[in-house]
Amino acid sequence: MAIWNLGSINADMVYAMPHLPAAGETLAASSLDRFLGGKGANMSVAAARAGSEVFHIGAVGPDGLWARERLTAFGVDTGHVMETGTPTGHAVIAVEPGGENQIILFPGANRALALEQLTQALSKARAGDTLVIQNETSLQAEAAELGRRLGLRVCYAAAPFDADAVQAVLPFLDFLILNEVEAAQLEQAIGKPPGAIGVRDVIITLGAKGARHIDGGTGAVQDVPALPVTAVDTTGAGDTFTGYVLAGLDQGLAMEKAMAAASRAAALMVTRHGTADVIPELAEVQAARF
Ligand code: RIB
């Protein structure tokens with residue numbers, strides 16, 4: 001099977017900071033690094049590194065052709081990444097020594113996707129393929145609805161969190177991934193816990209406490225522990241987890257096994273500085289000793 005990702009593509013500018021800047025504060029960074037990023041691109045790279053066939057549906061501006069090339073070099077099919085007149089999305093990311101971050105997002109071309117591009121791309125998908133969407137592009141609800149109609153496994157990674165954006169795709173979802181804070185925000189917005197919203201599979205990531213799967217049909221809960229690592233940069237770890245889980249399921253793994261592999265990949269990821277460019281390959285994930 002294959003994974004189709006309606007996903008953002010960003011240029012990440014990552015600043016190493018002594019602490020995260022407060023309102024009104026001027027603060028010097030000790031270094032600046034540039035990476036390929038965007039929650040979408042990170043998930044595509046993670047799923048490809050985990051061994052799945054991945055088709056990215058997205059957009060870059062004239063300044064972003066390098067990003068498309070880099071995604072291709074990571075083994076992602078970029079035949080459906082179009083070039084628009086809008087500048088490529090970018091993110092200004094501050095990271096403090098403990099690995100926490102603060103991100104300013106400029107959506108740019110990620111919000112300039114064309115419906116025709118989406119429908120053309122998904123016309124090539126086969127029933128049973130996976131479609132993943134995050135909240136950094138245009139056409140999220142259109143993609144989810146089309147994916148459901150085509151018999152794809154429709155997955156939504158609810159980040160950056162926006163309750164309205166989740167509710168717009170909710171009727172079409174098979175799979176929802178969100179973190180603990182987002183799960184509480186969603187429950188507050190719709191008055192039901194994530195396990196009771198009619199989505200077959202829900203994963204709540206719990207940071208250093210691991211991740212929880214809730215079977216939306218039976219209500220059964222399964223926890224997968226996190227691995228003991230010292231985090232230097234948590235940016236992109238959630239995206240890595242999502243890409244690896246989807247790749248595991250796409251390759252026929254049971255949910256618990258897919259989550260265990262994803263948890264190892266995310267653990268390795270937080271020990272590295274950077275985003276898509278440093279997402280670990282499956283062989284590294286399997287060989288890692290924690
Ligand atoms: O989740 C990390 C990602 O968020 C970064 O790569 C940045 O581009 C933003 O989309």
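Just follow the structure's listing: the first ligand is 1, and inside any ligand the first atom is 1. Position 1 is the first residue of the sequence, and the numbers go up from there.
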How long is the straight-line distance from [atom2] of [Y] back to [atom1] of [X], given to the nearest 0.5 Å?
X    : Y    : atom1 : atom2 : value
R70  : D277 : CZ    : CG    : 4.5 Å
R148 : L173 : CZ    : CG    : 7.5 Å
I279 : T240 : CD1   : OG1   : 4.0 Å
L139 : L115 : CG    : CG    : 6.0 Å

Requested in this report: Check whether any heavy atom of S8 sits under 4.0 Å from an atom of ligand 1.
Outcome: no
Query raised in the report: Is any side-chain heavy atom of L176 less than 4.5 Å from a side-chain heavy atom of I197?
Result: yes
Report task. Would you mind listing the cluster partners of M82? Hydrophobic ones only (ILVMFWY), side-chain contacts under 4.5 Å, chaining allowed. Result -> none
Report task. If you link ILVMFWY side chains whenever their heavy atoms are less than 4.5 Å apart, which other residues fall into the same cluster as L32? By chain and number, please. Result -> M13, Y15, M17, L27, V92, I104
Do me a favour and list the nearest non-hydrogen protein atom to [atom] with residue, atom name and distance?
atom                    : result
atom 4 (O) of ligand 1  : K39 NZ, 3.0 Å
atom 10 (O) of ligand 1 : E136 OE2, 2.7 Å
atom 6 (O) of ligand 1  : D12 OD2, 2.6 Å

Heavy-atom contacts with [X] under 4.0 Å: which atoms of ligand 1 show up? List them by number with element.
X    : result
A91  : 7 (C), 8 (O)
D239 : 1 (O), 2 (C), 3 (C)
L105 : 9 (C), 10 (O)

Report task. Please say whether T275 places an N or O atom under 3.5 Å from an N or O atom belonging to ligand 1. Result -> no
Query raised in the report: Is there any N or O on G37 that sits under 3.5 Å from an N or O of ligand 1?
Result: no
Report summary line: Counting heavy atoms under 4.0 Å, the part of H90 that contacts ligand 1 is neither
